[in-house]
Amino acid sequence: MGLCEETVFRGYFLNRLLRLMKSQQGALVLQALLFAAIHLPRYLTTYPSIAVNTMIINLVMVALLGYLFGWLFVHSHSLWPGIIVHSVWDLLVVALIG
């Protein structure tokens with residue numbers, strides 16, 4: 001997942017937002033919110049359903065991770081740091097949570 005999501009969100013969306021917006025910080029926040037939004041259907045279709053507060057906590061965590069991945073991209077000028085951190089995060093989630 002890390003490779004595809006990083007290519008789309010940081011390689012395409014964040015690059016576009018950085019060109020369109022005056023604020024780098026605003027572009028980072030907006031792409032992080034969009035990143036969290038694409039994860040919402042997963043939480044809405046989980047069976048058995050998860051509690052609303054758990055869903056909100058998960059979405060906040062995903063938005064913070066999206067911001068981190070964006071920050072890595074902006075400061076390294078490369079997708080690779082974000083791809084690596086994202087992939088390691090996904091692996092840890094699967095290994096530790098299931």
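One is the number of the first residue; the rest follow in order along the sequence.
Taking CD of Gln31 as the start and CG of Leu14 as the end, the distance is 5.0 Å to the nearest 0.5 Å. Here Leu3 contributes atom CG and Ile83 contributes atom CD1; the two are 5.0 Å apart, rounded to the nearest 0.5 Å. Note that the CZ atom of Phe13 and the CD1 atom of Ile38 stand 9.0 Å from one another [nearest 0.5 Å].
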query = Hey, mind stepping through Val88 and Leu92 against side-chain contact (heavy atoms from CB on, under 4.5 Å) and telling me if it holds?
reply = CA-CA 6 Å; Val88 169; Leu92 289 172; 4.0 Å; yes
inquiry  = What verdict does the side-chain contact (heavy atoms from CB on, under 4.5 Å) test give for Gln25 and Trp71, after you've listed the backbone C-alpha separation in whole Å, the side-chain angles of each residue and the deciding distance to 0.1 Å?
reply    = CA-CA 9 Å; Gln25 188 74 334; Trp71 184 90; over 6 Å; no
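By the rule that hydrophobic residues join a cluster once side-chain heavy atoms approach within less than 4.5 Å of another member, Ile57 and Ile97 end up as members of separate clusters. When hydrophobic clusters are built by joining Ile, Leu, Val, Met, Phe, Trp and Tyr residues whose side-chain heavy atoms come closer than 4.5 Å, directly or via intermediates, Val74 is grouped together with Trp80. Placement of Leu64 and Tyr43 in two distinct hydrophobic clusters is found when ILVMFWY residues are connected by side-chain heavy-atom separations under 4.5 Å, directly or transitively. With hydrophobic clusters built from ILVMFWY side chains whose heavy atoms lie under 4.5 angstrom apart, Val93 does not share a cluster with Ile56. Under the 4.5 Å side-chain heavy-atom criterion for grouping Ile, Leu, Val, Met, Phe, Trp and Tyr, Leu44 is connected to Leu59 within one hydrophobic cluster.
Smallest separation of non-hydrogen atoms from Pro81 and Ser76: CG-OG, 3.5 Å. Of all heavy-atom pairs between Gly70 and Leu28, the closest is C-CD2, 3.4 Å.
With hydrogens and angles disregarded, a donor-acceptor distance shorter than 3.5 Å links the side chain of Thr46 to the backbone of Arg42. Counting only distance, with no hydrogens or angles, the side chain of Glu5 and the backbone of Gly2 share no donor-acceptor pair below 3.5 Å. Using modelled atom types, no side-chain atom of Thr54 and backbone atom of Ile50 make a donor-acceptor pair closer than 3.5 Å.
Phe35 has its ring centre less than 6.0 Å from the ring centre of His39.
Counting heavy-atom neighbours within 6.0 Å of Met21 CE, excluding the residue itself, gives a total above 12.
By the ring pair (Phe, Tyr, Trp, His ring centres under 6.0 Å) test, Phe69 is found to be paired with His86, residues two or more places apart in sequence or in another chain being considered.
A donor and an acceptor atom, one from each side chain of Glu6 and Tyr12, are nowhere located under 3.5 Å apart.
Using a 4.5 Å heavy-atom cutoff, the side chains of Leu72 and Arg10 are not in contact.
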